[in-house]
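Whatever order the structure lists ligands and atoms in, that order sets their numbers, starting from 1. Below, all heavy atoms of this structure are taken into account, side chains as well, without hydrogens, waters or symmetry copies.
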Amino acid sequence: MDKFKVDQELIAKIDRILESYDYDDNSVVNILLEIQSHIPENYIPEEVAKYVGIELGIPTSKVYDVITFFSAINDKPKGRHVVQLCKSSVCRLNKYQTIRDVLEEELKIKMGETTKDGQFTLRYSACFGACDISPAFRIDDKVYGNLTKGKIKEIINTYRGL
Ligand code: FES
C-alpha cells in the first residue's frame with residue numbers, strides 16, 4: 001500500500017492519533033472517529049481506511065465492518081447538516097422538483113453531494129409525515145414545510161449562521 005497517496009499533513013495527524021491509542025486495534029472505533037473529525041468532508045476515504053488497517057495490522061475489510069456498523073462513521077462525504085428532501089407522493093404532487101432546483105442552486109451541489117466546506121449534504125427522503133405542509137424537507141431532525149424560494153434561502157442561511 002502506498003501510504004503517500006494520502007495527503008502528508010493528514011498522514012501526520014493520523015499517525016499522531018494512532019500513537020495516542022498505542023496502535024491498539026481494539027480502539028479502532030475511536031481512532032476512526034477522531035480521524036474523521038480532522039477530515040472536512042466528515043468521512044473516512046478509502047485510502048485512509050486502508051492505511052489505518054495496515055498500521056493496526058488488521059485487514060481493510062475489518063476497518064470497513066466498523067465503518068458500516070457505526071452510523072457516526074461515514075464512508076462517503078457527509079455534511080454537518082443533512083438536508084433530506086421528500087419525494088414521496090404528496091410532495092411529488094406539490095412539485096418537490098422546484099424545491100430541489102432551489103436547494104441545488106443555493107448550495108451549488110447536486111442531490112447526493114456534499115458542499116466543499118462540509119456544511120451540507122443533499123439527499124432525497126421518503127415521506128416523513130409532513131404531507132400537510134408539503135413540499136417539505138428535513139434538516140437533520142427539524143422539519144420545514146410550505147416551502148418557497150425565499151423561505152428556503154432564509155432557512156439555509158440560519159444554518160450558515162448568517
Ligand atoms: S409525501 Fe412528502 S412529507 Fe409526506
Side-chain angles (χ1 to χ4, degrees), residues 5-7 10 13-14 17 26-53 58-162:
K5 276 187 186 166
V6 182
D7 169 70
L10 180 58
K13 279 182 192 158
I14 294 172
I17 292 165
N26 292 316
S27 301
V28 66
V29 174
N30 289 331
I31 289 170
L32 290 172
L33 280 170
E34 214 168 302
I35 292 171
Q36 184 175 263
S37 73
H38 289 279
I39 297 175
E41 296 91 353
N42 197 28
Y43 80 117
I44 302 292
E46 191 183 342
E47 292 305 320
V48 171
K50 286 179 185 168
Y51 182 69
V52 168
I58 58 174
T60 310
S61 59
K62 273 206 160 184
V63 178
Y64 272 104
D65 285 346
V66 172
I67 294 172
T68 311
F69 189 78
F70 289 91
S71 58
I73 307 174
N74 309 302
D75 64 349
K76 292 188 189 67
K78 186 176 164 215
R80 203 161 303 134
H81 304 293
V82 180
V83 184
Q84 294 177 285
L85 175 64
C86 174
K87 65 169 189 173
S88 290
S89 52
V90 182
C91 288
R92 208 174 312 138
L93 280 175
N94 288 318
K95 301 196 170 57
Y96 78 89
Q97 296 94 331
T98 313
I99 307 305
R100 177 201 59 208
D101 293 348
V102 175
L103 282 170
E104 288 184 343
E105 186 192 312
E106 185 62 25
L107 296 174
K108 297 182 177 53
I109 53 172
K110 295 286 176 199
M111 295 303 291
E113 294 180 348
T114 297
T115 54
K116 279 207 176 70
D117 63 1
Q119 279 274 30
F120 298 96
T121 294
L122 263 184
R123 287 192 184 148
Y124 285 120
S125 164
C127 174
F128 41 77
C131 319
D132 55 330
I133 53 169
S134 169
F137 60 58
R138 280 191 296 200
I139 300 186
D140 308 327
D141 290 329
K142 200 165 172 7
V143 174
Y144 298 92
N146 298 322
L147 298 164
T148 59
K149 191 169 180 170
K151 196 169 168 186
I152 293 168
K153 285 184 180 218
E154 221 172 88
I155 295 165
I156 295 294
N157 280 340
T158 62
Y159 284 84
R160 285 177 170 142
L162 298 178

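- With sequence neighbours left out, Glu46 forms a side chain to side chain donor-acceptor pair (under 3.5 Å) with Lys50.
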Only pairs under 3.5 Å count here: list side-chain donor-acceptor contacts from residues 66-79, not counting sequence neighbours, and write none if there are none.
from  : atom 1 : to    : atom 2 : distance (Å)
Thr68 : OG1    : Tyr64 : O      : 2.6
Asn74 : ND2    : Asn42 : O      : 2.8

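- For the side chain to side chain contact (heavy atoms under 4.5 Å, CB included) criterion with Leu122, the lone passing option out of Thr114, Ile109, Val82 is Ile109.
- Here the closest heavy-atom approach between residue Cys91 and residue Pro135 is recorded as SG-CA, 3.9 Å.
- Identified under the salt bridge (charged side-chain N to carboxylate O under 4.0 Å, His left out) test for residues 90-104, with sequence neighbours left out: Glu104-Lys110.
- By the 30° and 60° cut-offs, the orientation of the rings of Tyr144 relative to Tyr159 is perpendicular.
- Panel detail: atom 2 (Fe) of ligand 1 has protein N, O or S atoms under 2.8 Å away, 2 in number.
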